Structure formats: C-alpha cells, structure tokens
*Asks:* 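Have a look at this one before I ask anything.
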Amino acid sequence: MSRFSEYIGSQFGNPRGIFGVACCLIMNTINKAMYKRTVALMDVPQGEKVLDIGYGNGYLLKLLDKVCKANLYGIDISADMQSLAMKKNKSAVQEGRMHLCVGDCCNLPYEDENFAAVTSINTVYFWRDTLKGLQEIKRCLKHGSCFYNVVYTKKWLDTLSYTEKGFKKFEPEQLAQLGYEAGFADVEVQEIVKEKSFVVVYKK
C-alpha cells in the first residue's frame, strides 16, 4: 500500500484541509444511492430531532432539511468539516434548524431518548469501538425509533487500494449481531446496490 493511498484512506475517515473538501465532494457523488435510500426510509414527525453521525460537508443534512420538518443535529470528528457544513447549510444553522458539533460517536454529548432517528453514511469503518458506538446511539434514540447505518460491502471495499489500512470492514451479519449485542430490539438488513452497498436498520 502506497503512502498516497494510505493518506487518501485517512481523509475519508477524518476529512481535513483542501483534500478533505475534495474527498467529500467525491463521496457526495458516489454515495447518491445511499443518500436516496436513507431519505426514503425515514419518516420523522414534524418537530422531532434527527442526528447524523459523520456529517462531512453536510450533504445528507441539507437533503433532510428539504424533505422533513425536523430539528437536525450532526456530530463529526473533523473541525474542518464543521466549518464547511455550516457554510453549506448557513440558513438552517442561522434559523436554528440545524446544530453541528465536533465529537466522537462513542461518547455522544446528548441526553437519553433524545432523537426520533439517527443516520450514518459510511462512518462505521472508522469508529474506535463499534459496539460502544452502537450502544451510545441506542441510548440517545427514543423508544421505537431507528438508526440507519449505511455501508459498503466488504467485497467492494476490498477492491479499493486505500481501504487496506484504517478501515474496519463488515459483513451484514456482523453488523446485525453487534446491533443485538448493543441491545436493539430488532435489526433488519436491506440491500441498496447488489453486492456493493446495504443499510442496517436498528430499531430500539
């Protein structure tokens, strides 16, 4: 694995600087089917709170702001992405519909039973503790609400040179089992693009 490929992989896990901006634009393009499925799955009552983990440049939150009348929250490990996402969602932030912070999904700064839905697009590979992250998300979800965890298959990630280091790759059944270990009441796996991507829906 070349140093350049390793650097590219690290940018997907923690986008920063000009290269991080470019990586997010690439992700916005290649992840369109994932965003579309996530938005289609969600049915959030007006005024409820939604959390996006690893919001990057705020692309998914911008889509959600257009289709649902929810209070939107986001947490991302990158301070650079917080600045970028706030610029791209300036009106929503200024009007109090969107709240973005820097932090770790394994230590969420939110109260118990706080969100009507939680989303994550391609971030689970980088969590320092997968089970702990799922437990934190469950804690913050309201009873009966769902976490939509959208990921690429291990088979597809294995075709990319920059995923050799720094990426935890999962089979669907592994993520489902971790969900039950975290205490979710029900877990469902749905294919998005055959042999390429899927969503794991965890219900509290």
Side-chain angles (χ1 to χ4, degrees), residues 8-17 19-39 41-42 49-65 70 72-89 92-93 98-110 114-115 117-141 146-153 156-157 160 162-163 166-170 175 178-179 182 192 197-202:
I8 294 294
S10 74
Q11 282 285 352
F12 283 104
N14 182 12
R16 56 208 180 274
F19 217 101
V21 174
C23 284
C24 278
L25 291 174
I26 292 170
M27 286 187 278
N28 293 164
T29 300
I30 66 176
N31 295 344
K32 282 187 176 179
M34 293 176 153
Y35 299 130
K36 184 177 180 180
R37 175 62 66 85
T38 304
V39 172
L41 283 170
M42 295 174 66
K49 296 178 182 178
V50 173
L51 172 66
D52 184 36
I53 292 172
Y55 51 78
N57 62 9
Y59 186 91
L60 177 61
L61 287 170
K62 194 175 188 70
L63 291 178
L64 292 173
D65 188 46
L72 301 173
Y73 289 74
I75 187 166
D76 196 288
I77 198 169
S78 171
D80 286 357
M81 290 302 102
Q82 182 191 38
S83 297
L84 180 60
M86 289 180 72
K87 289 178 183 177
K88 289 185 173 291
N89 293 278
V93 172
M98 192 178 297
H99 314 269
L100 305 177
C101 76
V102 175
D104 182 355
C105 74
C106 293
N107 186 25
L108 293 174
Y110 307 110
N114 199 38
F115 296 103
V118 177
T119 61
S120 167
I121 310 289
N122 290 322
T123 72
V124 70
Y125 327 118
F126 312 111
W127 299 359
R128 58 183 173 83
D129 185 327
T130 311
L131 180 59
K132 175 62 175 174
L134 288 170
Q135 289 171 333
E136 275 289 273
I137 291 166
K138 175 181 173 290
R139 177 184 65 78
C140 293
L141 270 173
C146 293
F147 167 45
Y148 304 93
N149 188 19
V150 186
V151 296
Y152 280 112
T153 63
W156 190 76
L157 288 174
L160 307 173
Y162 60 80
T163 67
F167 280 68
K168 297 177 187 176
K169 303 171 187 178
F170 299 93
L175 287 175
L178 283 166
I192 298 176
S197 58
F198 60 96
V199 54
V200 187
V201 182
Y202 303 88

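As the structure is a prediction and not an experimental result, all values here were calculated from the model.
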*Asks:* Is it the case that over 12 heavy atoms from other parts of the model lie below 6.0 angstrom from the NZ atom of K36?
*Replies:*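 No.
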*Asks:* Looking at L108, is its backbone amide N or carbonyl O close enough to the side chain of R139 to form a donor-acceptor pair, meaning the two atoms are under 3.5 Å apart?
*Replies:*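 Such a contact is found between R139 side chain and L108 backbone.
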*Asks:* What are the two closest non-hydrogen atoms of D129 and K168, and how far apart are they?
*Replies:*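 Of all heavy-atom pairs spanning D129 and K168, the closest is N-NZ, 3.9 Å.
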*Asks:* I'd like to check R37 versus V150 (side-chain heavy atoms, cut-off strictly below 4.5 Å). Are they in contact?
*Replies:*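 No, side chains not in contact.
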*Asks:* Counting N and O atoms only, with roles assigned by atom type, does the side chain of D52 sit under 3.5 Å from a partner on the main chain of G74, one being a donor and the other an acceptor?
*Replies:*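 Looks like no, no N/O pair under 3.5 Å.
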*Asks:* The test is side-chain contact (heavy atoms from CB on, under 4.5 Å); show your working for Y202 and V118 and say whether it passes.
*Replies:* CA-CA 10 Å; Y202 303 88; V118 177; over 6 Å; no
*Asks:* Between the main-chain N or O of L100 and the side-chain N or O of Q82, is there a donor-acceptor pair closer than 3.5 Å?
*Replies:*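 Yes.
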*Asks:* Report the residues that fulfil ring pair (Phe, Tyr, Trp, His ring centres under 6.0 Å) with Y125, sequence neighbours left out, ordered by chain and then residue number.
*Replies:*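 Applying ring pair (Phe, Tyr, Trp, His ring centres under 6.0 Å) to Y125 gives F167.
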*Asks:* What pair of heavy atoms forms the shortest contact from C106 to E136, and how long is it?
*Replies:*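 Closest heavy-atom pair between C106 and E136: O-CG, 3.4 Å.
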*Asks:* Report yes or no: does K132 contribute a side-chain atom to a donor-acceptor pair with the main-chain N or O of C105 at less than 3.5 Å?
*Replies:*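 Between the backbone of C105 and the side chain of K132 there is no qualifying donor-acceptor contact (under 3.5 Å).
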*Asks:* K138: what forms a side chain to side chain contact (heavy atoms under 4.5 Å, CB included) with it, not counting sequence neighbours?
*Replies:*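 Testing K138 for side chain to side chain contact (heavy atoms under 4.5 Å, CB included), a comparison that skips the adjacent residues, returns F184, K204.
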*Asks:* Let me confirm one number: the CZ-CZ distance from F198 to F170, rounded to the nearest 0.5 Å.
*Replies:*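 Taking CZ in F198 and CZ in F170, the distance rounds to 9.0 Å.
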*Asks:* Which heavy atom in T119 sits nearest to a heavy atom in L60, and how many Å separate them?
*Replies:*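 Heavy atoms only, the tightest pair is OG1-CD2, 3.6 Å.
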*Asks:* List the steps and the verdict of side-chain contact (heavy atoms from CB on, under 4.5 Å) for S120 and W127.
*Replies:* CA-CA 11 Å; S120 167; W127 299 359; 4.3 Å; yes
*Asks:* Ignoring hydrogens, what is the shortest heavy-atom contact between I53 and T123? Give both atom names and the distance.
*Replies:*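 Reported closest heavy-atom pair: O-CG2, 3.4 Å.
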*Asks:* Looking only at heavy atoms, which two atoms of A92 and D65 are closest? And how far apart?
*Replies:*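 Looking at all heavy atoms of both residues, the shortest contact is CB-OD2, 3.8 Å.
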*Asks:* Looking at every non-hydrogen atom in both residues, tell me the closest pair between L178 and L131 and how far apart they are.
*Replies:*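 What the structure gives for the nearest pair is O-CD1, 3.7 Å.
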*Asks:* To the nearest 0.5 Å, what is the distance between CG (L41) and CD1 (I192)?
*Replies:*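 Reported value, rounded in 0.5 Å steps: 8.0 Å.
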*Asks:* Nearest 0.5 Å, what's the NZ-NE2 distance between K49 and H99?
*Replies:*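 So the NZ of K49 and the NE2 of H99 are separated by 7.5 Å.
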*Asks:* Which residue in the set L51, L64, N89 passes side-chain contact (heavy atoms from CB on, under 4.5 Å) when paired with L72?
*Replies:*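 That would be L64.
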*Asks:* To the nearest 0.5 Å, how far apart are CG in L175 and CG in N149?
*Replies:*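 Rounded to the nearest 0.5 Å, the CG-CG separation comes out at 6.0 Å.
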*Asks:* Take L160 and Y152, measure what side-chain contact (heavy atoms from CB on, under 4.5 Å) needs, and give me the verdict at the end.
*Replies:* CA-CA 11 Å; L160 307 173; Y152 280 112; over 6 Å; no
*Asks:* Quick one: does any side-chain atom of N57 pair with a main-chain N or O of L84 as donor and acceptor, under 3.5 Å?
*Replies:*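 Pair absent, no side-chain N/O of N57 close to backbone of L84.
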*Asks:* So F115 and Y110, would you call those rings parallel, tilted or perpendicular, with 30° and 60° as cut-offs?
*Replies:*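 Perpendicular, since the angle between the ring planes exceeds 60°.
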*Asks:* How long is the straight-line distance from NZ of K62 back to CE of M98, given to the nearest 0.5 Å?
*Replies:*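 Reported value, rounded in 0.5 Å steps: 7.5 Å.
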*Asks:* Are the side chains of S197 and N122 in contact, using a 4.5 Å heavy-atom criterion?
*Replies:*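 N122 vs S197: side chains apart.
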*Asks:* Is a donor on one side and an acceptor on the other found under 3.5 Å between the side chain of Y55 and the backbone of C101?
*Replies:*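 A pair under 3.5 Å: yes.
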*Asks:* Just wondering, do Y148 and M34 contact through their side chains at under 4.5 Å, heavy atoms?
*Replies:*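 Not touching, per the 4.5 Å side-chain cut-off.
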*Asks:* The criterion is salt bridge (Lys or Arg N to Asp or Glu O under 4.0 Å); which residues satisfy it with K169, sequence neighbours excluded?
*Replies:*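 K169 satisfies salt bridge (Lys or Arg N to Asp or Glu O under 4.0 Å) with D158 once adjacent residues are dropped.
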